[in-house]
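In the text below, chain A, chain B and the rest are named by the order of the sequence lines, each starting its count at 1. Since the model is a prediction, treat every value here as computed from it, not as a measurement.
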Protein chains: 2
Amino acid sequence: MMTNNNLGAIIKQQRVMVPLTLQELATMTGISPSHLGRIERGERFPSAHVLRKIAGPLGFDENELFTLAGYLSPQPPTIAEAEVSYGGGRLDPYVSRVLAQEPVDVQRAVISILSILKSIAKGMTKESR
Amino acid sequence: MMTNNNLGAIIKQQRVMVPLTLQELATMTGISPSHLGRIERGERFPSAHVLRKIAGPLGFDENELFTLAGYLSPQPPTIAEAEVSYGGGRLDPYVSRVLAQEPVDVQRAVISILSILKSIAKGMTKESR
DNA sequence: TTGACAATTTGCCATTTGGCAAATTATAAT
DNA sequence: ATTATAATTTGCCAAATGGCAAATTGTCAA
């Protein structure tokens, strides 16, 4: 029905991040790679059975994925979500979920890279002033 | 698929108990009475969208009904387990705090960069074996 | 470059969902 | 009993899902 084409994008982003090929995900889940591909580019809308099968291998929480797909009403906020809100800032749940799959030292390396890029952008590195 | 499920029987029992006729439930949910009837006697298997629409009027909790239908794994996480874990991973609080202060699109850009680095690293591993 | 091989996309089609209208069955009132 | 009306079931069909095989595109080594 092409209800929500952003679901496919989210699924694809997650698959590439894991990382997996369509064929690998296909053998893990029993869903054909062609069907998975169509889902990712929004040409097909996954049934509940399909959605359930791909949740695990992609590292999605089933309830969250079903909510993203519009199959379940938005869940009451969990403790996990409270944990990631801080001060005035809010951490995007998708970002949080993806990063949480990395080892903590990788997570911190990511932060270091970000701070480097920010300082470059502001022209505050030693050699540039 | 005519999966031999007692789901239809459970739904019918609830509807009669409420009590509602098929037509009344139909007007409340927007699902045709004929379809609802076939679901109750197991001739059709309700999609997630249909299941979601009938949950409320019948007094079912959505998650419970989805679990009964085999769409969700038997019931989930206690509050204790929910903490800061996403799909088995854990997000470092410091990382969470720092990232939360960036705009969401920057947060997502960070994820994209991580993805690029991982694919580069993957290529290096391949090369060295 | 070319050729081999992996990954993705497309064409086609069987199966299923779900709606509408007609047929059937249950329920009440006279 | 008969008739009217409500409730359910059945027949039929459009639309969507999802698999298989072929075609296409991407990638890498020689």
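Scanning for side-chain contact (heavy atoms from CB on, under 4.5 Å) contacts around B:T27 gives an empty result, with sequence neighbours left out. Remark: B:Q13 pairs with B:M17 by the side-chain contact (heavy atoms from CB on, under 4.5 Å) rule, at least two apart or across chains. Judged as a ring-ring contact (aromatic ring centres under 6.0 Å, His included), and not counting sequence neighbours, the contacts of A:Y71 are A:F45, A:F66, B:H49. Annotation: side-chain contact (heavy atoms from CB on, under 4.5 Å) contacts of A:T29 (sequence neighbours excluded): A:L25, A:I31, A:L36, A:K53, A:I54, A:P57.
Separating the CG atom of B:L7 from the P atom of C:dT17 is a distance of 12 Å, rounded to the nearest angstrom. One interatomic measurement links the two molecules: CZ of A:R52 to C1' of D:dG18, which rounds to 18 Å at whole-angstrom precision. In this entry the distance linking CZ of A:F45 with C1' of C:dT17 reads 15 Å, nearest Å. Here the P atom of nucleotide D:dT17 and the CG atom of A:L36 are 14 Å apart, to the nearest Å. Rounded to an integer number of Å, the gap from OH of B:Y71 to P of D:dT17 is 13 Å.
Considering only heavy atoms from C-beta on, B:L7 comes within 4.5 Å of B:L65 through its side chain.
Side chain to side chain, A:T21 and A:R15 fail the donor-acceptor criterion of an N or O pair below 3.5 Å.
A:M28 and A:L22 fall within a single hydrophobic cluster, where Ile, Leu, Val, Met, Phe, Trp and Tyr side chains are chained together by heavy-atom contacts under 4.5 Å.
Residue contacts for B:I39: at a heavy-atom cut-off of 4.0 Å it reaches no nucleic acid atom on any strand shown. Base engagement by B:S32 is indicated by at least one non-hydrogen atom pair under 4.0 Å involving a base atom.
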(message) Base contacts versus sugar-phosphate-only contacts with protein, heavy atoms under 4.0 Å: please encode nucleotides 5-12 of chain D as B, S and - from 5' to 3'.
(response) --BBBBBB
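Checking side-chain atoms of B:E62 against main-chain N and O of B:R52 turns up no donor-acceptor pair under 3.5 Å.
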Can you give me the N/O atom pairs linking the protein to nucleotides 23-26 of chain C at distances under 3.5 Å, or say none if there are none?
none

